[in-house]
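Report on the following structure.
Source: prediction; values computed, not measured.
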Amino acid sequence: MAINPVLSRRINNFKANKRGYYSLIIFGILFILSLFAEVIANDKPIIVNYKGAYYFPIINNPPETVFDGVLPTPADYQDPFVIKQIKQNGFMLMPPIPFSYDTINYHLDSPAPSAPSATNWLGTDDQGRDVAARLIYGLRLSVIFGLVLTLLSSIIGITAGAIQGYFGGKIDLFFQRFIEIWSGLPQLFILVLVASLFIPSFWILLTVMLLFSWTALVGVVRAEFLRTRNFEYVRAAKALGVSSPKIIFRHILPNALVATISFLPFILCGAITALTALEFLGLGLPPGSPSLGELLRQGKENLSAPWLGISGFIVLAVTLSLLIFIGEAFRDAFDSRKELR
């Protein structure tokens with residue numbers, strides 16, 4: 001199957017930017033690994049063999065009575081009795097990091113937050129939870145939150161910009177004044193107000209941030225539609241009786257997407273930064289959720305435990321740097337004036 005020459009040129013331009021190309025590979029590997037966080041960091045075994053029967057506690061944790069215990073509650077694989085029973089009658093395969101993001105290590109050699117050790121590779125936070133496990137789960141949560149916010153805000157922003165640029169006139173004037181007023185609202189104050197009225201959750205926080213983030217692409221899409229709406233092929237489509245929605249989404253929008261796709265990594269970067277900042281201020285996800293901002297706040301409050309702030313900073317800095325490099329590579333790929341050397 002032959003590849004479109006324009007698409008082939010864009011792919012080659014993207015690959016020519018080695019920094020962005022390898023950043024995409026590294027970011028993809030990190031994100032895919034974080035999707036399997038339950039297999040990498042968990043306080044439950046991946047697989048258990050007990051008296052010839054196989055169990056998968058990550059998917060469905062059996063009760064302690066299965067291992068000849070007395071409690072009908074889910075088995076605790078940190079319990080010496082459960083460990084002894086399984087070792088005597090079978091085996092279990094634990095993840096590389098035997099802690100989940102909310103697992104408290106009750107067998108620390110020093111008070112929490114404890115320094116990095118062979119058990120806790122990056123130490124523990126002030127509640128005795130493993131920092132490495134919280135970083136893995138926190139990275140997954142931040143990236144997924146950013147991706148969902150970027151997708152939804154892009155859909156709303158592109159639609160609004162397309163309507164403004166295509167119809168122009170009073171519709172464009174009204175939307176522009178509305179966006180100017182809307183962008184001037186104090187976003188942080190509204191988030192504080194919402195946090196005081198509702199219990200913060202993933203979807204509530206996403207909805208509030210979506211109310212203000214959709215304006216990022218409006219200007220770019222509007223400018224492209226204002227430039228394109230009087231082109232000959234658009235005027236010909238109107239003369240043939242093609243409906244406005246079909247002209248907008250089938251004929252003009254593909255050209256506008258060229259300018260908007262290169263902005264998406266930067267929007268994703270801003271979404272992750274905004275979520276981290278809110279968590280750092282205590283306005284983010286519910287307490288106990290794995291978050292990079294909460295780890296940075298612990299580092300600020302526990303200066304005697306530098307591994308907290310350093311670990312969170314390195315993960316956040318690497319993630320944002322990779323996204324910036326990817327955005328630069330996308331910008332080069334969609335730049336029609338840039339020729340591949």
Less than 3.5 Å apart, any donor N or O on the side chain of Y50 or Q85 sitting next to an acceptor on the other?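 Present: a donor and an acceptor within the cut-off.
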
Checking the side chain of [X] only, and the main-chain atoms of [Y] only, is there a donor and an acceptor separated by less than 3.5 Å?
X: S291; Y: E294; result: yes
X: S321; Y: V318; result: no
X: S114; Y: S110; result: no

Contacts of [X] that satisfy ring-ring contact (aromatic ring centres under 6.0 Å, His included) - sequence neighbours left out:
X: F263; answer: none
X: F145; answer: F202
X: F167; answer: none
X: F27; answer: none

Report task. Might you confirm whether atom CZ of F231 has over 12 heavy atoms from other residues, nucleotides or ligands at distances under 6.0 Å? Result -> yes

Among all residues two or more places apart in sequence or in another chain, which pass the side chain to side chain donor-acceptor pair (under 3.5 Å) test with [X]?
X: Q176; result: Q164
X: T273; result: none
X: E232; result: none
X: Y233; result: N255

ask   = Which residue pairs satisfy the salt bridge (charged side-chain N to carboxylate O under 4.0 Å, His left out) criterion with at least one member in residues 54-83, sequence neighbours excluded?
value =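 Those involving residues 54-83 are K51-D68.
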
Pairs where residues 116-127 contributes a residue and the test salt bridge (charged side-chain N to carboxylate O under 4.0 Å, His left out) is met, not counting sequence neighbours
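Checked against salt bridge (charged side-chain N to carboxylate O under 4.0 Å, His left out) - neighbours excluded - the pairs reaching residues 116-127 are D125-R129, D125-R134.
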
| said: If you define the side chain from C-beta out and look only at heavy atoms, does anything of L93 sit under 4.5 Å from P45? | reply: no

* Decide yes or no on side-chain hydrogen bond (donor to acceptor under 3.5 Å, both in side chains) for N61 and Y77, but give the supporting numbers first. => CA-CA 10 Å; N61 191 19; Y77 299 93; 2.7 Å; yes

In chain order, what residues pass the side-chain contact (heavy atoms from CB on, under 4.5 Å) check against Y54, with sequence neighbours excluded?
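So Y54 forms a side-chain contact (heavy atoms from CB on, under 4.5 Å) with I47, N49, F91.
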
Please list every donor-acceptor pair under 3.5 Å in which a side-chain atom of residues 116-123 meets a protein atom from a residue at least two apart or in another chain.
| unit_1 | atom_1 | unit_2 | atom_2 | d |
| --- | --- | --- | --- | --- |
| S117 | OG | T119 | N | 3.4 |
| S117 | OG | N120 | N | 3.2 |
| N120 | OD1 | N105 | ND2 | 3.0 |
| N120 | ND2 | D130 | OD1 | 2.8 |
| W121 | NE1 | A118 | O | 3.3 |

Practice task
Any chance you could measure M94, atom CE, to N42, atom CG, to the nearest 0.5 Å?
Solution key: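 Going from the CE atom of M94 to the CG atom of N42 covers 7.5 Å.
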
